[in-house]
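I have placed the structure first, in the form of structure tokens, so that the comments after it can refer back to it.
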Amino acid sequence: MKETIKEFISEERLMQRISELADQINHDYAGKSVHLICILKGSIFFTCELAKRLTIPVYVDFMQLSSYGDDTESTGSVKIIKDLDAPVFGKDIIIVEDILDSGRTLFKLLTLLEVGNPASMAVCTLLDKPSRREFPIDVDYNGFEIENEFVVGFGLDYAQRYRNLPYIGIVKFEED
Ligand code: IMP
Ligand code: MG
């Protein structure tokens, strides 16, 4: 099967929306510092652009969880591939996600991080597919709500490809 990519959210719209999210975070966390937890690999571009626009003190840590294999459906299990370097205890943390789909990954992660007793815990996702939700998640900062389409670019991949696209594109599969 061959795929083509159709531009869906332009680089300009992404940057504009990320600036708006950063403004909200700057406002909500005024006088505090935030610990961004970038969920690898998909959230790297988003975390960078968001962090660049924050004016409060920012710390960044990384975590990698198992996600899809080379397919567009979840395997159903979630495991930690890379854990945080620093404990979350007493910190105001914001989990930075590329996309919320079933919510399985984030639900598991929130449960794990709660055990570490952060001062507060918020969720910031660039994209959200609410129609796909199976696990309840409170999203604090949400870039774009999208339909049930498989998207790539700006960090998101299909079989590890297309992460480098500067925009979000929809993958169209066609028989060749
Ligand atoms: P969830 O656990 O079902 O919410 O899946 C979340 C993860 O699945 C995301 O962090 C992505 O890594 C991946 N994912 C879900 N939808 C897409 C998509 O449309 N494109 C690329 N990756 C996706
Ligand atoms: Mg992800």
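Order of listing sets the numbers, starting from 1, for every ligand and every atom in it. Hydrogens, waters and symmetry mates are skipped; everything else that's a heavy atom, side chains included, is used. For clarity, every value in this text was computed on a predicted model and none was experimentally measured.
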### Query
Is it the side chain (CB and beyond), the backbone, both or neither of K129 that lies under 4.0 Å from ligand 1, heavy atoms counted?
side chain
### Query
When you look for heavy atoms under 4.0 Å from ligand 1, do you find them on the side chain of I39, its backbone, both, or neither?
neither
#### Entry: Heavy-atom gap D157 to ligand 1 smaller than 4.0 Å
yes
### Query
Between V152 and ligand 1, does any nitrogen or oxygen pair lie at a separation below 3.5 Å?
no
### Query
Can you tell me if E134 has a non-hydrogen atom under 4.0 Å from ligand 1?
no
## Note on the structure
The side chain to side chain contact (heavy atoms under 4.5 Å, CB included) partner of V34 among I93, N26, V58 is V58
### Query
Would you say the ring centroid of Y167 lies under 6.0 angstrom from that of Y162?
no
## Note on the structure
With heavy atoms and a 4.0 Å threshold, my read on which part of L156 contacts ligand 1 is side chain
### Message
Under 4.0 Å between a side-chain nitrogen and a carboxylate oxygen: does that hold for R161 and E3?
### Response
yes
Would you be so kind as to tabulate the donor-acceptor pairs closer than 3.5 Å made by side chains of residues 133-141, with sequence neighbours excluded?
unit_1, atom_1, unit_2, atom_2, d
R133, NH1, D101, O, 2.9
R133, NH1, D128, OD1, 3.2
R133, NH2, D128, OD1, 2.7
R133, NH2, D128, OD2, 3.1
E134, OE1, R104, NH2, 3.4
D140, OD2, V123, N, 2.8
Y141, OH, D28, OD2, 2.6

Run the side-chain donor-acceptor check on residues 147-156: report pairs under 3.5 Å with partners two or more places apart or on a different chain.
none

### Query
atom 21 (C) of ligand 1: which of F150, F107, Y162 has the nearest heavy atom?
F150
### Query
Do the side-chain N and O atoms of T125 and N142 include a donor-acceptor pair separated by under 3.5 angstrom?
no
